[in-house]
Structures are given as structure tokens and as C-alpha cells.
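Keep in mind that what you see is a predicted model, and the values were worked out from it rather than measured.
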Amino acid sequence: MSTAPDSRAVASRWLLLRAGVLALLVGAALAFTVVVVSDVSEPAPAPAATVPPMVRPLQDDLQSLLESVVPNPPDLSPSTTEQLQTAVAGIAREAADGAYGSAQTDLDDLQNHLAELLSSRTGTLITQSRGQTIQHAIDTVRDDLAQLK
């Protein structure tokens with residue numbers, strides 16, 4: 001009787017070990033993919049933005065404008081959201097400081113930027129429905145500013 005291990009048994013064990021390691025790696029890759037995909041598919045909640053205290057109804061209307069640019073893919077892309085929120089925050093700061101003329105000028109710039117986004121041929125950065133909602137909020141704020149000027 002030979003004390004040397006049977007070559008078939010060694011080969012079989014080696015094959016089982018390789019298959020086990022491969023199954024472990026595939027399972028880990030699938031788990032990682034599920035975590036990454038679920039993280040990407042759920043939009044990150046937008047930070048709660050507020051408008052500084054100022055004359056009402058301007059404060060309420062600016063808050064509505066700010067809420068109209070909260071991200072909700074595919075309605076509004078994250079990069080577009082950031083641009084619009086920055087613009088609205090600037091308008092709100094100027095209005096809070098009583099610089100209604102500057103706020104009006106920046107509101108006009110925001111409206112022009114919105115028009116560019118809506119007519120973009122490079123991809124859908126904002127849907128027409130969301131654009132109408134934002135435009136309505138812009139018009140309301142414009143009316144408020146015109147009364148205060």
C-alpha cells in the first residue's frame with residue numbers, strides 16, 4: 001500500500017477549494033454591486049434650505065422658489081439642482097438685505113438660465129413640467145419684488 005496521496009483525491013480537493021474561493025468572490029462582488037447600485041438609485045435628500053427673515057409674502061414666495069428646485073431625478077439633475085439652489089440663495093440674501101434691484105437682476109439671470117436648461121440639446125437637465133413649476137415661482141417672486149422696489 002502506498003502512503004502517497006491519491007492524485008485524484010488531491011486534484012478533487014484542489015478543484016473544490018478553487019470553486020469555493022470563486023463562489024466567495026462572486027458573492028462578495030454581487031453584494032458590493034447591490035450596495036453601490038442601491039446607493040446611486042436613491043436620490044440624496046436635499047438639505048433643508050430656508051430663506052432669511054424678510055418682508056412677507058416675499059419670504060414665503062422665495063421659500064416656494066427654493067423648494068421648486070429640490071432635486072428629484074429624472075425631473076431635475078443633481079448638478080442643475082445645485083446651480084439653481086445657489087442662484088435662489090443669492091436672490092434671497094439680496095432680498096433680505098433690502099437690495100431688491102439686485103435681487104430682481106439676479107432673478108432675471110435665473111430665468112434666462114432656466115430657459116437655457118429647458119432648451120438644452122445635450123441632455124435632459126430638467127423636465128418641462130419642473131421648468132413650468134420653477135417659472136411660476138420666479139414670476140411670483142418677481143411680482144413681490146416689483147411691489148417692494
Side-chain angles (χ1 to χ4, degrees), residues 10-149:
V10 170
S12 177
R13 285 186 198 131
W14 180 246
L15 183 60
L16 285 174
L17 178 64
R18 289 173 56 192
V21 169
L22 181 60
L24 181 66
L25 290 173
V26 167
L30 286 173
F32 178 75
T33 301
V34 166
V35 168
V36 169
V37 169
S38 68
D39 186 43
V40 170
S41 63
E42 296 175 16
T50 58
V51 173
M54 68 185 79
V55 177
R56 297 226 187 239
L58 178 59
Q59 180 178 1
D60 296 335
D61 292 339
L62 276 166
Q63 186 64 43
S64 294
L65 177 57
L66 192 56
E67 290 168 3
S68 74
V69 294
V70 171
N72 186 19
D75 229 20
L76 185 60
S77 73
S79 62
T80 303
T81 297
E82 188 176 323
Q83 294 169 7
L84 296 175
Q85 285 179 336
T86 300
V88 173
I91 294 165
R93 276 190 306 277
E94 290 172 340
D97 291 341
Y100 302 126
S102 295
Q104 180 75 42
T105 300
D106 287 350
L107 191 65
D108 292 341
D109 292 343
L110 174 62
Q111 182 171 2
N112 292 335
H113 184 63
L114 178 63
E116 290 171 10
L117 291 171
L118 288 169
S119 66
S120 172
R121 297 186 190 271
T122 60
T124 304
L125 304 173
I126 183 171
T127 63
Q128 291 294 322
S129 174
R130 178 60 80 93
Q132 289 173 350
T133 300
I134 296 169
Q135 183 59 57
H136 177 72
I138 288 172
D139 292 341
T140 304
V141 170
R142 178 175 282 110
D143 292 344
D144 292 341
L145 290 171
Q147 290 177 7
L148 293 169
K149 263 174 103 174

**Prompt:** OG/Ser102 to CG/Leu107 distance, rounded to the nearest 0.5 angstrom?
**Reply:** 12.0 Å
**Asked** Looking at CD of Glu82 and CG of Leu84, how far apart are the two atoms once the value is rounded to the nearest 0.5 Å?
**Response** 10.5 Å
**side-chain contact (heavy atoms from CB on, under 4.5 Å) between Thr81 and Val70, intermediate numbers included** = CA-CA 6 Å; Thr81 297; Val70 171; 6.0 Å; no
**Contacts of type side chain to side chain contact (heavy atoms under 4.5 Å, CB included), residue Asp108, not counting sequence neighbours** = Gln104, Arg142
**Message:** If we ignore hydrogens and angles and just use 3.5 Å, is the side chain of Ser119 paired with the main-chain N or O of Ala115 as donor and acceptor?
**Reply:** yes
**Prompt:** Could you give the distance from CG (Leu118) to CZ (Arg130), rounded to the nearest 0.5 Å?
**Reply:** 11.5 Å
**Message:** Testing the 3.5 Å rule here: is there a donor-acceptor pair between the side chains of Gln135 and Asp139?
**Reply:** yes
**Message:** Please check: side-chain N/O of Ser120 versus main-chain N/O of Leu117, any donor-acceptor pairing under 3.5 Å?
**Reply:** no
**Distance-minimising heavy-atom pair for Leu62 and Ala92** = CD1-CA, 3.9 Å
**Item:** Distance (rounded to the nearest 0.5 Å) between Thr86 OG1 and Ile91 CD1
**Value:** 11.0 Å
**Closest contact, heavy atoms only, Leu58 versus Tyr100** = CD2-CE2, 4.1 Å
**Prompt:** What distance do Gln85 atom CD and Thr80 atom OG1 have between them, rounded to the nearest 0.5 Å?
**Reply:** 11.0 Å
**Asked** Tell me, do Leu114 and Ile126 make a side-chain contact under 4.5 Å, heavy atoms counted?
**Response** yes
**Request:** Could you give me the CA-CA distance, side-chain angles and deciding distance for Leu65 and Ile134, then say whether side-chain contact (heavy atoms from CB on, under 4.5 Å) is met?
**Result:** CA-CA 6 Å; Leu65 177 57; Ile134 296 169; 4.2 Å; yes
**Asked** In chain order, what residues pass the side chain to side chain contact (heavy atoms under 4.5 Å, CB included) check against Ala87, with sequence neighbours excluded?
**Response** Leu110
**Asked** Checking side-chain contact (heavy atoms from CB on, under 4.5 Å) for the pair Asp61/Asp143: CA distance, chi angles, key distance, verdict?
**Response** CA-CA 10 Å; Asp61 292 339; Asp143 292 344; over 6 Å; no
**Atom pair CD1 (Ile138) and OG1 (Thr133), whose distance is rounded to the nearest 0.5 Å** = 11.0 Å
**Prompt:** In this structure, are over 12 heavy atoms from other groups packed under 6.0 Å from His113 atom NE2?
**Reply:** yes
